[in-house]
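Before any comments, here is the structure.
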2 protein chains.
Amino acid sequence: MKSQFGERVRELREKQNLYLRQVAPLLEMDTAQLSKIEKGSRLIKREQIQVLADILKADSNELLVLWLADQLYEVVKDEDVALKAMDAAQETLKSNKRNKRNK
Amino acid sequence: MKSQFGERVRELREKQNLYLRQVAPLLEMDTAQLSKIEKGSRLIKREQIQVLADILKADSNELLVLWLADQLYEVVKDEDVALKAMDAAQETLKSNKRNKRNK
DNA sequence: TATTGACTTGTCAAATATTGGCAAATATAA
DNA sequence: TTATATTTGCCAATATTTGACAAGTCAATA
């Protein structure tokens, strides 16, 4: 339920002195939805991250990383083997990257 | 679509000389479903992993790790920042574990 | 203490996604 | 061809997520 993405967005929004009511319409949602996003009970859409980053004058890659990390965490959070699973996935990513690099 | 879990299951099933038709009913599914699971186009349910491990005389934790890793991979596979996101999630996991250990 | 503004929460129907089951297609061997 | 194993496509049933709205809390202040 708690989300690093949401916490960071709130931080950035407050730094810009913006209200939910001001930001939400720019994302074509109501304040209730944006509030839930900041609280971590809803996911923002991937394409909206860039829009939000622009509004908050923030780095969209930073937000994207947090948004993805929240979802990764969600998959394994209750698992004893969470770290092992992460290692395995990381291995796969790395080896796929190697293959991609060599076309 | 390709899945480490599925590939490993197939490997184990063949090592035990079992047909889909023999294994599927033990998991209360039809062969088509199990085939899809091995091919990575469907997810097995978490509780079924233990059952499957018993049938295949395999380590259920090994299978669980692969099953989770597939899902983690799915989240970030098309992302440039995949590895960064994994690192961030890993950090969260580790720090939560620290907090849990100290209650 | 009444009002206002910002945010939060609950609910629920609509939109999406996932699953289960069947039938037909494919593959391989005899 | 026939038989057996596996794969694929489809679709209805089920489950999950989303969007929208109303009502709620909370804090500041008139």
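Only heavy atoms go into these numbers, but all of them, side chains included; no hydrogens, no water, no symmetry mates. Lettering follows sequence order; numbering is per chain, from 1.
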(request) In whole angstrom, give the distance that lies between atom CD of A:Gln33 and atom P of C:dC7. (result) 16 Å
(request) Quickly work out the B:Gln48 CD to C:dT19 C1' distance and round it to whole Å. (result) 11 Å
(message) Could you tell me how far apart B:Tyr19 (OH) and C:dT28 (P) are, to the nearest whole angstrom?
(response) 15 Å
(request) Decide yes or no, distance alone: a donor-acceptor N/O pair under 3.5 angstrom between the base of C:dG5 and the side-chain of A:Arg21. (result) no
(request) Kindly say whether, by distance alone, the side chain of A:Lys36 makes a donor-acceptor pair under 3.5 Å with the base of D:dG19? (result) no
(message) Using modelled atom types and a 3.5 Å cut-off, is there a donor and acceptor pairing between side-chain atoms of B:Glu38 and backbone atoms of B:Leu34?
(response) no
(request) Could you state the atom-to-atom distance from CG of A:Leu34 to P of C:dC7 in whole Å? (result) 9 Å
(message) Tell me whether B:Trp67 contacts the main-chain N or O of B:Arg46 through its side chain, where contact means a donor paired with an acceptor under 3.5 Å.
(response) no
(request) Would you kindly give the CZ-to-C1' distance between B:Arg13 and D:dT6, to the nearest whole Å? (result) 8 Å
(message) In this structure, how many angstroms lie between the C1' atom of C:dT9 and the CG atom of A:Asp30, rounded?
(response) 12 Å
(message) Counting only side-chain heavy atoms from C-beta out, which of D:dG19, C:dG20, D:dT7 sits nearest to B:Arg42?
(response) C:dG20
(message) As a test of reading the structure: which of C:dG21, C:dT8, D:dA5 is closest to the side chain of A:Ser35, going by heavy atoms?
(response) C:dT8
(message) Looking at D:dG19, I'd like to know if its phosphate oxygens (OP1 or OP2) sit under 4.0 Å from a side-chain N or O belonging to A:Lys45.
(response) yes
(request) Establish, with yes or no, whether the OP1 or OP2 oxygen of C:dG10 is under 4.0 angstrom from a side-chain nitrogen or oxygen of A:Lys39. (result) no
(request) Take the protein atom CD1 of A:Ile44 and the nucleotide atom C1' of D:dT18, then report the distance between them rounded to whole Å. (result) 13 Å
(message) Quick test of your reading of the model: are B:Arg8 and B:Glu11 salt-bridged, counting only N-O distances below 4.0 Å?
(response) yes
(message) Measure CD/A:Glu38 against C1'/C:dA6 and give the value in whole Å, please.
(response) 12 Å
(message) What's the closest nucleotide to the side chain of A:Ala32 if the choices are D:dG19, C:dC7, C:dT8?
(response) C:dT8
(message) Nearest 0.5 Å, please: how far is CD1 in B:Ile44 from CE in B:Met29?
(response) 5.0 Å
(request) Only one of A:Leu12, A:Leu26, A:Ile55 passes side-chain contact (heavy atoms from CB on, under 4.5 Å) with A:Leu18; say which it is. (result) A:Ile55
